[in-house]
Amino acid sequence: FATAAAAWAALALVVLVIGVLIFRPTQKPVDVLKEINAFTNAEFFAHNFLLVWLAGGPDQAKQLVSMSAMSSQPEMNKDPFTVLDINTVPPVLRTDAGKETEWALTMAATLVPPGGSGSSMRSYFRVTFLEAAGTYKALMWPRPVNISTRAIQIAPFYGQGIGLTTPLGT
C-alpha cells in the first residue's frame, strides 16, 4: 500500500510540475534598443534643459519656458555661468504611467561662476520632466542636490626612501 501511495504522490508531483511549466505566463521580451534610445533621448533633453537654465541669458528665457510645463518666465542672469561639462550620475528615476513617463535625472555640472576668479566647481542638479509621445516638458526648474562622495587618500606603498650609497641606490 505504501509503495502504491508513493507512486501516486510522485506521479501527482510530476503532473503538477509539468502543469506549472506549461501554463505559466511567458515573459515578454525586452526591446533593448528601444530602452537605450528612451534613456538617451531623456538624457539629451535633461542635458539641454540644464544647459539653457545655467548658461542662458535673458534672451533664452522664452526657450526655457518652451521646454517646461510652467507658464511663468524666469528671470535669467545677465552674466550666466560658464558650463564646462554636464553628465548624468546615478540614480536615474523612471516612472512609467501608461503613455507617459516621468524622469528624474541627477546631472553633474562643472561650472565657472560669473564674475569669479575663473576656478571651476562641480555642482549637482536634479532635473524632473515628463515624456509623452516623444515630447519632453520639464515639471520644475532644476534644483540643487547634495551628492556625498567618500574621501580617499592615496599614498605610496613604501614609506622610506632608498639611500644613494646603498647597493640598490648605486
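Numbering of residues begins at 1 and proceeds along the displayed sequence.
Here the shortest heavy-atom pairing between Pro80 and Pro114 reads O-CB, 3.8 Å. Residue Ala132 comes nearest to Glu100 through the heavy atom pair CB-CG, 3.9 Å, listed as atom of the first residue, atom of the second, then distance. Among all heavy-atom pairs drawn from Gly163 and Thr166, the shortest one is O-OG1, 2.7 Å. Taking each heavy atom of Phe81 and Pro113 in turn, the nearest pair found is CD2-CA, 3.7 Å. Considering all non-hydrogen atoms of both residues, Met76 and Ala61 come closest at CG-CB, 3.7 Å.
Residue pairs meeting the side-chain hydrogen bond (donor to acceptor under 3.5 Å, both in side chains) criterion with at least one member in residues 85-99, sequence neighbours excluded, are Glu35-Arg94, Glu43-Thr88, Asn87-Arg122, Arg94-Asp96, Asp96-Thr101. Residue pairs meeting the salt bridge (Lys or Arg N to Asp or Glu O under 4.0 Å) criterion with at least one member in residues 59-69: none, sequence neighbours excluded.
Here Phe129 contributes atom CZ and Met67 contributes atom CE; the two are 10.0 Å apart, rounded to the nearest 0.5 Å. To the nearest 0.5 Å, atoms CH2 (Trp103) and OH (Tyr136) are separated by 7.0 Å. The distance from atom CD1 of Ile36 to atom CG of Asp31, rounded to the nearest 0.5 Å, is 9.5 Å. Distance check: Lys137 NZ to Ser66 OG gives 6.0 Å after rounding to the nearest 0.5 Å.
Side-chain atoms of Ser71 and Val65, non-hydrogen and from C-beta on, never get closer than 4.5 Å to each other. Side-chain atoms of Thr106 and Pro90, non-hydrogen and from C-beta on, never get closer than 4.5 Å to each other. Residues Leu84 and Val112 are in side-chain contact: their nearest non-hydrogen atoms beyond the backbone lie under 4.5 Å apart. Side-chain contact between Tyr124 and Pro144 is absent, with no heavy-atom pair separated by less than 4.5 Å. Side chains of Val92 and Phe39 form a contact here, defined as non-hydrogen atoms less than 4.5 Å apart.
Applying the 6.0 Å contact sphere to CG of Leu164 captures no more than 12 heavy atoms from other residues, nucleotides or ligands.
If you chain together ILVMFWY residues whose side-chain heavy atoms come under 4.5 Å of each other, Leu33 ends up in a group of its own. In this structure, Ile162 shares a hydrophobic cluster with Leu168, the cluster being traced through Ile, Leu, Val, Met, Phe, Trp and Tyr side chains under 4.5 angstrom apart.
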For residues 47-58, which side-chain donor-acceptor pairs fall under 3.5 Å, sequence neighbours excluded?
| unit_1 | atom_1 | unit_2 | atom_2 | d |
| --- | --- | --- | --- | --- |
| Asn48 | ND2 | Phe44 | O | 3.4 |

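Under the side chain to side chain contact (heavy atoms under 4.5 Å, CB included) criterion, Ala104 pairs with Leu93, Arg126, Thr128, sequence neighbours left out. Among residues two or more places apart in sequence or in another chain, the side chain to side chain contact (heavy atoms under 4.5 Å, CB included) test is passed with Ser123 by Leu111, Met121, Phe125. Checked against side chain to side chain contact (heavy atoms under 4.5 Å, CB included), Ile18 has the following partners two or more places apart in sequence or in another chain: Val14, Ile22. Partners of Asn146 under the side chain to side chain contact (heavy atoms under 4.5 Å, CB included) rule, at least two apart in sequence or in another chain, do not exist in this structure. Not counting sequence neighbours, Ser68 has no partner by the side chain to side chain donor-acceptor pair (under 3.5 Å) test. Contacts of Gln60 classified as side chain to side chain donor-acceptor pair (under 3.5 Å), with partners at least two apart in sequence or in another chain: none. Here Gln63 pairs with nothing under the side chain to side chain donor-acceptor pair (under 3.5 Å) rule; sequence neighbours left out.
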**side chain to side chain contact (heavy atoms under 4.5 Å, CB included) between Trp141 and Met70, worked out** = CA-CA 9 Å; Trp141 302 123; Met70 294 159 286; 3.7 Å; yes

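Follow the hydrophobic side-chain contacts under 4.5 Å out from Val127 and you never reach Val89; the two are in separate clusters.
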